[in-house]
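What you see below is based on every heavy atom in this structure, not just the backbone, and it leaves out hydrogens, waters and symmetry mates. For ligands, and for the atoms within them, numbers begin at 1 and follow the listed sequence. Here the structure is a predicted model, which means the values were calculated and not measured.
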Amino acid sequence: MSDYSIPFNRPITVGREYENIAEAVRGGVLSAGGPFSARCERLLEAMVGSPRAILTHTCTDALEMAVLLAGIGPGDEVIMPSFTFVSAATAVVLRGGVPVFVDINPVSLNLDPAAVEGAITDATKAIITVHYASVGTGIDRLVTLCQRHGLILIEDAAHAVGATFEGQPLGSFGQMATLSFHETKNVISGEGGALLINDPELIARAEVISDKGTDRARFERGETQKYVWQDVGSSFRASELTSAFLLAQLEEQDAIVARRRELWARYHIALESHEIRGGLLRPNISQSCGTNGHIYYVLLSDEDKRRTLIDGLKAQGIHAVFHYVPLHDSPAGRRYSRTAGSMAHTVSIASRILRLPMHLGLTNVAVDRVVTALGETLGKPSDG
Ligand SMILES: Cc1ncc(COP(=O)(O)O)c(C=O)c1O
């Protein structure tokens, strides 16, 4: 149990999770490739408009698959933000590639397309972009850049299930996109992920790579007499137990997004006066973005102010957290990657961002308590 009366995250069930798991057990298939996995995959394909979704154990797995499918090899460069989770970078390094980190835009917190353009070299093969907090700003410019330079675009849409940019689902812009169903995300299965393959030419190889490098998918469809080792691969596919839980969540996705958006809007309205008084900055999201309420964050003036707030909220039983520690400045980042251009926004935002509790178990009253506690801590004269 959490020590906090208002935890940062609390995973909860939303529908038929237990019934589905019981049905899977009764059905006698618990490994990968059963009926629940297939239903989740078809649902994701329909939601995003993707020709093929493959459920994986995690988004990290999906990123490793995407990098394999992109054909990244020794010396190939992949441009990505440093302000992201480690999985994109390590997926590239596992193949002998080089993550090239570029700065983010300080408003959208997504890759800065101009910085990306400046980082392209003859060795660049792909771009992995993140839709931070489900904001799609910049994706249109990255699509154009990739087309112009012949690069593969991978959307790390770990935050972005159910979000859109100019009405188009995030996850449908790149040749591939990755999703996360980790317990901290909107739609959850404990650990969980998916690879969306939008380029039909990659689908056959994706099926093989996902299933230990074998053509078992073709065998199961009756297209071949036996399945054999065809290519590199790993055991990337999610089990039926995970998929049974996930299906119940996916079926409630609209309700999940609607409630998270309500909570998001409640924070946003209540914190306006603090922004006007100069205590913090709220997210500034373009009208083009249909976000999913995944994260509510504020930006403070500096890291000391953030520490004061984290401690002040903790004293009132509220768990607020920072986010990514820049990858370019980590021990492995310094060893395996390089930066292109200034990283000033990455360093600054990473030190000033504070994420507030956001989950389906959160009540309106709890949001109001967080806002009041935040206001009290911000107002303390000793905080500067
Ligand atoms: C942007 C991003 N990508 C990938 C991941 C990894 O997701 P998973 O835990 O499903 O591997 C995370 C984790 O939070 C993330 O924030």
Side-chain angles (χ1 to χ4, degrees), residues 8-9 11 40 44 53-68 70 78-94 99 101-102 104-105 108-111 126-139 142 153-163 165 170-171 173-174 176-196 210 234-239 242-243 245-246 249-250 260 291-297 321-328 330 332-333 337 346 349-350 353 355 358-359:
F8 174 71
N9 179 57
C40 289
L44 285 170
I54 296 179
L55 290 191
T56 55
H57 300 295
T58 57
C59 184
T60 303
D61 266 1
L63 283 161
E64 287 180 18
M65 275 190 69
V67 169
L68 265 165
V78 179
I79 297 171
M80 65 180 75
S82 167
F83 184 67
T84 187
F85 200 67
V86 62
S87 305
T90 196
V92 169
V93 173
L94 276 170
F101 296 121
V102 307
I104 49 170
N105 175 294
S108 68
L109 313 195
N110 285 344
L111 274 178
I127 295 172
I128 301 180
T129 189
V130 176
H131 305 300
Y132 187 79
S134 79
V135 168
T137 304
I139 189 66
L142 293 181
L153 180 60
I154 300 167
E155 298 173 72
D156 179 347
H159 302 181
V161 177
F165 180 76
L170 296 181
F173 288 85
M176 289 173 275
T178 63
L179 305 178
S180 175
F181 306 119
H182 183 263
E183 68 163 29
T184 50
K185 300 300 188 293
N186 277 26
V187 170
I188 63 170
S189 56
E191 301 281 353
L195 178 67
L196 303 172
S210 72
S234 190
S235 180
F236 284 118
R237 299 176 69 199
S239 92
T242 305
S243 308
F245 192 103
L246 181 65
Q249 293 260 326
L250 282 173
R260 290 185 82 115
T291 55
N292 64 13
H294 177 50
I295 294 176
Y296 194 87
Y297 68 82
V321 297
F322 52 85
H323 211 177
Y324 306 125
V325 178
L327 294 173
H328 73 277
S330 60
S337 63
T346 296
I349 297 286
I353 194 164
R355 291 180 296 155
M358 175 59 88
H359 53 86

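- Residues Y132 and H323 place their aromatic rings such that the two centres sit under 6.0 Å apart.
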Contact table, ligand 1 N/O with protein N/O, distance under 3.5 Å:
from	atom 1	to	atom 2	distance (Å)
ligand 1	3 (N)	D156	OD1	3.2
ligand 1	3 (N)	D156	OD2	2.7
ligand 1	10 (O)	C59	N	2.9
ligand 1	10 (O)	S180	OG	2.8
ligand 1	11 (O)	C59	N	3.3
ligand 1	11 (O)	T60	N	2.9
ligand 1	11 (O)	T60	OG1	2.5
ligand 1	14 (O)	K185	NZ	2.7
ligand 1	16 (O)	H159	NE2	3.1
ligand 1	16 (O)	Y324	OH	2.6

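- A side-chain donor-acceptor contact under 3.5 Å links N186 and H294.
- How far CD of E191 is from CG of L246: 12.5 Å, rounded to the nearest 0.5 Å.
- If you take CG on L111 and OG1 on T129, they are separated by 4.0 Å, rounding to the nearest 0.5 Å.
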Please test I128 against T84 for side-chain contact (heavy atoms from CB on, under 4.5 Å), starting from the C-alpha separation and ending with a verdict. CA-CA 10 Å; I128 301 180; T84 187; over 6 Å; no
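- Atom CD1 of residue I54 and atom CE of residue M176 lie 11.0 Å apart, to the nearest 0.5 angstrom.
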